[in-house]
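For reference, the structure is listed below as structure tokens.
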Amino acid sequence: MRAEKRKDLFFILYIAVIIIMAVIYFTVPERMSFLENQFKWWGQMLDIIKGGG
């Protein structure tokens with residue numbers, strides 16, 4: 001049951017992040033640079049999580 005709650009929490013956080021990023025994306029005038037920075041940031045985060053630091 002605890003693992004199920006954790007999955008639910010991660011799903012809610014995931015949806016919240018997507019909504020926040022969409023709001024920022026549509027309010028920022030330089031949309032392409034925002035998108036490029038997000039891809040770079042998430043790529044670096046994945047490297048850190050994988051241990052490639």
Side-chain angles (χ1 to χ4, degrees):
M1 184 177 229
R2 184 175 178 171
E4 202 59 37
K5 286 184 180 180
R6 184 172 288 164
K7 285 181 185 178
D8 291 343
L9 178 64
F10 283 136
F11 183 72
I12 290 170
L13 288 174
Y14 176 75
I15 296 298
V17 166
I18 296 296
I19 291 170
I20 290 169
M21 285 179 55
V23 168
I24 292 172
Y25 176 77
F26 288 114
T27 58
V28 172
E30 300 87 17
R31 290 187 178 126
M32 284 311 295
S33 70
F34 171 74
L35 211 54
E36 290 170 0
N37 288 335
Q38 285 301 309
F39 284 133
K40 186 186 303 181
W41 187 89
W42 283 105
Q44 291 171 351
M45 183 61 93
L46 286 174
D47 287 343
I48 291 170
I49 291 172
K50 290 180 181 177

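Computed from a prediction, not measured in an experiment: that's the story for all the values here.
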Connected via hydrophobic side-chain network under 4.5 Å: [X] and [Y]:
X   : Y   : value
I18 : W42 : no
I12 : M21 : no
Y25 : I19 : no
F39 : I24 : yes
I20 : Y14 : no

Distance from [X] atom [atom1] to [Y] atom [atom2], nearest 0.5 Å?
X   : Y   : atom1 : atom2 : value
N37 : M32 : CG    : CE    : 11.0 Å
K5  : D8  : NZ    : CG    : 9.5 Å
I15 : F10 : CD1   : CZ    : 14.5 Å

- request: Apply the side-chain contact (heavy atoms from CB on, under 4.5 Å) test between K40 and each candidate in Q44, E36, Q38; give the one that qualifies.
  value: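 That would be Q44.
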